[in-house]
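Working notes, structure below.
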Amino acid sequence: MPEYDNATIGGMLDDFGDLLEIAGADRYRTLSYHKAAHAIRAWDEDITRTAAEGRLGEIPGVGAKLGAVISSIIARGSFPEFEEVAQSLPASITELMRVSGVGPKKAKALYEERGVASVNDLAEALEEGRLEGLPGFGAKTIDNVRAGIERYRAISARMLLADALPLAERLAASLDELPVVEAASLAGSIRRMKETVGDVDVLVASRDPAAVMEAVRLLPMVTSVVASEETKTSVLTASGRQADVRVVAPESWGAALQYFTGSAGHNVRLREIAKARSLKISEYGVFDATGSRVAGATEEDVYAVLGMPLMPPEIRENTGEIDLALRGELPELVTAGDIRGDLHSHTPATDGKSSLEKNRQRAAELGYEYLGCSDHAYDLRMVGGLDLSQLEEQWDEIDTLNALGDGPVLLKAIELNIDDEGGVDYPHDVLARFDYCIASLHHGFGQPREKATQRLLRAMENPYVDIIGHPTGRLLGRREPFDLDMEAVVAKAAETGTALELNAHPERLDLNDVHLRLARKAGVSICISTDAHDATHFSFLKWGVATARRGWIGPADVLNAQPLDVLVARLKRNRR
DNA sequence: GCCGTTTTCGGCCCGACTGTTTTCAGTCG
């Protein structure tokens, strides 16, 4: 049987919820599938284990029925309700709903009246004029659907946060400079620092929306205007990415910023809480039963009137943050300023571009107290992994640079390669000579869960493996992560005192937010490392910090937020 | 289908736009 992970099961429940909606089921029933899907994605335990232990009911939004559905999926890959609906409707038609302008009713009509069962079918039917005369599909709707298909195809390829954010920040900053603009900010998933984003949302406070819209259309970075209305303009930027700029009145600024930042699930929870207190919250403000505004100008006010402190955008994902905020127990989140050094960098001795000296100089500019030099170990032959004599050469260079006195302390480290049995490149007597060792998986990506997991567990049992590098091995949009039992990995890290890396490379961001929350709960140390292969890569730190914050990681959890003596004392080899 | 600071039954988030609706359903964010 294939293994079902949380994301897969969440996806299946989402698809089924859409299918039910098309079939015309009660909308609260369909909503419950979507709610459960979200909760399962955020569930930081392997759901097959939760199921095996009979604890599915602990997942918010999962009751008796959904528990049975999930168990059925795990046992046999499907469930009776799905099979029943799939007899009358092909499962593929849920894809139609991803096209802007097509909802459940139109999707159903497209399938039943024209046999359209996928976005490709839809594009074809459109070309051939086969949608003429279909009720609900007038000329304008057809135009909208045509544009929707293009947008769907463009956004399916999501953009890395690191590619989208600089441009988005420039866009917001240039609007902020306009005299008619009182405030400008990013909103949506890019403000929440999600690792990938579909499009860019920018919010502006102004009394003169027309002037703002005009200015947006004329910005140099705008290559074309998709649509421009009174308070909203959509443009394509040089990157080909769509940005939506919205204008709101200054008295609604905070409410609108809160609203458009989301996430959707977070907003729904907030509105439920507001309602229970006889308040109504919308993008215009928070209103009491008499309809008078009680908050809205700032985000602080909106949260305060609901009894919460201002919520950092990165954690607004409806994964328990609201309950913590209500109890005044929001976790302290790490900031870039807390970071005292980088523990993972490479030099030209293996596959790095910048010399040890140059890396050290850059680390000094960043105000770091220490820098870990961690080139690849011997077994990674393709990048020229170091043998003992090369290591001794590097150690001499480190000693020489450290003797200069000023600047960050260079640490003698290594990135070990974990072999098929969980072993590493050097014997213990060599490993003992490093200040610390990182061990990483570099091959065997297709291995079954049991095998890949065992490799990591065995590596962590080595007393000289202090840190596991880029634990899941994913490359966003390019390579799937190793299939790992992350609970077992985290448990072993906690048991052995091994730290887990949060690799800050924008294509990795590995561990992800869900894994980080799991590690935090288990008390595992995290090191936020850039894995710099060039001195310019130390700036990747911000992506790692953003992801750490999404994972509720605080400065105390972060190994490289500690002063050098504390860091050294917390290394596995020095704890025993 | 879920769930309890009004509730174990009757609710379940809000506001706006769009088009083909002649009074509002469908869709979106």
Side-chain angles (χ1 to χ4, degrees), chain A residues 13 16-18 20-22 24-40 56-70 79 81 96-110 133-145 147-148 151-152 155 187-189 191 198-203 227 229-232 234 242 244-246 248 252 255-287 289 291 296 302 306-307 318 322-323 326-327:
Chain A
L13 295 183
F16 182 66
D18 286 342
L20 270 185
E21 215 174 336
I22 293 169
D26 172 64
R27 74 187 189 93
Y28 293 110
R29 188 177 164 218
T30 67
L31 189 64
S32 63
Y33 279 88
H34 292 303
K35 278 187 173 173
H38 179 266
I40 288 164
L56 287 172
E58 291 177 15
I59 303 174
V62 175
K65 181 72 182 191
L66 271 155
V69 163
I70 294 163
F79 52 103
E81 293 78 6
L96 295 173
M97 285 175 62
R98 310 271 143 75
V99 175
S100 176
V102 179
K105 300 293 192 294
K106 287 194 166 68
K108 188 175 192 193
L110 283 167
L134 186 57
F137 288 81
K140 293 215 172 147
T141 299
I142 286 179
D143 281 349
N144 288 341
V145 168
R151 187 173 152 80
Y152 166 75
I155 284 188
S189 59
R191 183 166 179 241
D199 59 6
V200 169
D201 292 305
V202 181
L203 194 68
E229 300 153 23
E230 268 180 48
T231 60
K232 181 185 165 189
S234 297
Q242 180 161 327
D244 297 337
V245 181
R246 233 176 269 274
V248 299
S252 295
L257 187 55
Q258 193 291 314
Y259 174 82
F260 286 109
T261 297
S263 65
H266 177 89
N267 288 355
V268 168
R269 263 316 300 286
L270 282 193
R271 275 173 266 176
E272 285 170 359
I273 287 164
K275 192 166 178 170
R277 299 179 180 199
S278 302
L279 296 170
K280 192 175 62 171
I281 174 169
S282 73
E283 62 264 49
Y284 299 105
V286 186
F287 302 89
V302 172
L306 298 175
N318 193 28
I322 291 175
D323 291 328
L326 286 171
R327 296 201 301 267

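Values reported hereafter were calculated over all heavy atoms of this structure, with side chains retained and with hydrogens, waters and symmetry mates removed. In the text below, chain A, chain B and the rest are named by the order of the sequence lines, each starting its count at 1.
For A:I273, the side-chain contact (heavy atoms from CB on, under 4.5 Å) test picks out A:R269, A:R277, A:M308, A:I322, A:L326, with sequence neighbours left out. A:D18 meets the salt bridge (Lys or Arg N to Asp or Glu O under 4.0 Å) test with A:R98; sequence neighbours excluded. Partners of A:A25 according to the side-chain contact (heavy atoms from CB on, under 4.5 Å) rule, which considers only residues two or more places apart in sequence or in another chain, are A:L20, A:R29, A:T30. Residues satisfying the salt bridge (Lys or Arg N to Asp or Glu O under 4.0 Å) criterion with A:D26, sequence neighbours excluded, are absent altogether. In this structure, A:K140 has no salt bridge (Lys or Arg N to Asp or Glu O under 4.0 Å) partners at least two apart in sequence or on a different chain. Partners of A:V248 according to the side-chain contact (heavy atoms from CB on, under 4.5 Å) rule, which considers only residues two or more places apart in sequence or in another chain, are A:L203, A:W253, A:A256. By the side-chain contact (heavy atoms from CB on, under 4.5 Å) test, A:N267 is found to be paired with A:Q258, A:Y259, A:R271, residues two or more places apart in sequence or in another chain being considered.
Rounded to whole Å, the P atom of B:dC13 lies 15 Å from the corresponding atom of B:dT5.
Taking only side-chain nitrogens and oxygens, A:R29 comes nearer than 4.0 Å to OP1 or OP2 of B:dG1.
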Practice item. Sugar-phosphate atoms are those with a prime plus P, OP1 and OP2; base atoms are the rest. Using that split, label each nucleotide of nucleotides 17-23 of chain B B, S or - for protein heavy atoms under 4.0 Å, 5' to 3'. Key: --SS---

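Shown here, B:dC24 forms a base pair with B:dG19; the pair counts as Watson-Crick or G-U wobble because both key distances fall under 3.5 Å.
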Tabulated below should be each protein N or O lying under 3.5 Å from an N or O of nucleotides 6-11 of chain B; please produce it.
{"from": "B:dT6", "atom 1": "OP1", "to": "A:A276", "atom 2": "O", "distance (Å)": "3.4"}

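The base of B:dG29 is paired with the side chain of A:Y259 by a donor and an acceptor separated by under 3.5 Å.
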